[in-house]
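Below: one structure, written as structure tokens.
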There are 2 protein chains.
Amino acid sequence: MTAAASELTIGQVCARTGLSVHTLRLYEREGLFAGEVRRDGRGRRVYSAWDVEWLEYCMRFRASGMPLATIRRFAELVRQGVGNEHIRLKLLREHRDVVVERIAELSACLEVIDFKVGVYEEHLAQGNAGDLWGPP
Amino acid sequence: MTAAASELTIGQVCARTGLSVHTLRLYEREGLFAGEVRRDGRGRRVYSAWDVEWLEYCMRFRASGMPLATIRRFAELVRQGVGNEHIRLKLLREHRDVVVERIAELSACLEVIDFKVGVYEEHLAQGNAGDLWGPP
DNA sequence: CGTTGACCTAGACCCGGGTCGAGCATCTAA
DNA sequence: TTAGATGCTCGACCCGGGTCTAGGTCAACG
């Protein structure tokens, strides 16, 4: 029989999150979890539903460029429990700003790339001879 | 006296681009330049204005997440000269798509982060007790 | 003169973030 | 009962992208 739906093995968590077992164990070693990952009688990891929820946030943080070290700091704050919410908020806001910045940077790059794409399109459209972008 | 404005030393290029000498030399070794970097009589690098222009594009590519290997492929195409513009265009378009994707991903992350920021703000605003985001 | 500063090469090192493998334990199904 | 999954730990490895060092050349300045 299977355990309660919120008692997941590492393999199940992999399946749900797309992370590899290796990565999951790495994250644990690196202290990214906001609560000790429990073990069953045989020493195997047991993840709860909220461990997974937390992981999903971690994945968002990663996908938005937050380094593991920052996630660890955040996790530590959560582990310490009630009372430091303003610090957590500060951290989140700082990361938010980084992400906004990054989007702006990418958008600026995109404009440049689009410009160059336009140049090439035009060049090709008119079967233009002569090198685009070569030494003068 | 100084050389023509378009004949730059590596140090001058660093100053103009913000890249370190190390990085500039690395980029050259890695074949990122679209034209051989010339040398003066003493073996010192001499950069032309368009080398710098090219570098500026490279920096945009990097900033938008293009790996060095891809920049190298692009540079090779340019080095080969006239005739492969459609391939270059394809490469640029593919990268463009990657960037657009990435912006979308970041925007999605931003929403999640903003949501969590909102949760914390509310929590703090009402001096709420009880842990936000702790094991149930 | 000698020292200072900009440059050269080759190669080592570093960091972040995984990814993999060896060697072992346990459960399950054929 | 034995093979196959699945899990465990620990430590090695890998990759991308720099960054730094040692040891050397040269020109110009005081």
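Worth saying up front: this structure is predicted, and the values here are computed from it rather than measured. Here is how names work: the chains are called A, B, and so on, in the same order as the sequence lines, proteins then strands, and each is numbered from 1. FYI, side chains are in, hydrogens and waters are out, and symmetry mates aren't considered; it's all heavy atoms of this structure.
Of the side-chain N and O atoms in Tyr27(A), one or more sit less than 4.0 angstrom from OP1 or OP2 of dG18(C). For Thr23(A) and dG17(C), the shortest distance from a side-chain N or O to OP1 or OP2 is not below 4.0 Å. Phosphate contact (OP1/OP2 of dC20(C), side-chain N/O of Arg25(A), threshold under 4.0 Å): absent. Residue Arg62(B) places at least one side-chain N or O closer than 4.0 Å to OP1 or OP2 of dG17(D). Residue Thr9(A) has no polar side-chain atom (N or O) positioned under 4.0 Å from OP1 or OP2 of dT6(D).
For dT26(C), its base never sits under 3.5 Å from the side chain of Arg44(A) at any donor and acceptor pair.
Counting to the nearest Å, the C1' atom of dG17(D) and the CZ atom of Phe61(B) are 18 Å from each other. Per the geometry, CG belonging to Leu24(A) stands 12 Å off P belonging to dT9(D), to the nearest Å. When the P atom of dC7(C) is taken as reference, atom CD of Gln12(B) falls 8 Å away, rounded to whole Å. Across the protein-nucleic acid pair, Arg72(B) atom CZ and dC15(D) atom C1' stand 13 Å apart, rounded to whole Å. Summarising the geometry, the separation between CD on Glu30(A) and C1' on dG18(C) is reported as 10 Å, rounded to the nearest angstrom. Atom CD1 in Ile71(A) sits roughly 12 Å away from atom C1' in dG16(C) (whole-Å rounding). Rounded to a whole Å, the CE atom of Met59(A) is 14 Å from the C1' atom of dG17(C). In this entry the distance linking CZ of Arg39(A) with P of dA25(C) reads 17 Å, nearest Å.
Arg44(B) places no side-chain N or O within 3.5 Å of a backbone atom of Ile10(B) that could act as its donor or acceptor partner. At least one donor-acceptor pair under 3.5 Å links the side chain of Trp54(A) to the backbone N or O of Leu32(A). A donor-acceptor pair is defined here as one N or O able to donate and one able to accept, closer than 3.5 Å; such a pair exists between the side chain of Arg72(A) and the backbone of Glu30(A).
Residue-to-nucleotide proximity on DNA chain C shows that, of Arg29(B) and Ile10(B), the 5′-proximal contact is made by Ile10(B).
Across all strands shown, Leu26(B) has heavy atoms under 4.0 Å from base atoms, whether or not it also approaches the sugar-phosphate. If you check every strand for non-hydrogen atoms under 4.0 Å, Leu68(B) touches sugar and phosphate atoms only. Heavy atoms of Arg42(A) sit under 4.0 angstrom from primed sugar atoms or phosphate atoms, though from no base atom.
For the side chain to side chain donor-acceptor pair (under 3.5 Å) criterion with Tyr120(A), the lone passing option out of Lys90(B), Arg88(B), Glu85(B) is Arg88(B).
Contact annotation: the side chain of Met59(B) approaches that of Leu19(B) to within less than 4.5 Å [non-hydrogen atoms, C-beta and beyond].
The side chain of His22(A) has dT19(C) as its nearest neighbour among dT9(D), dT19(C), dC8(C).
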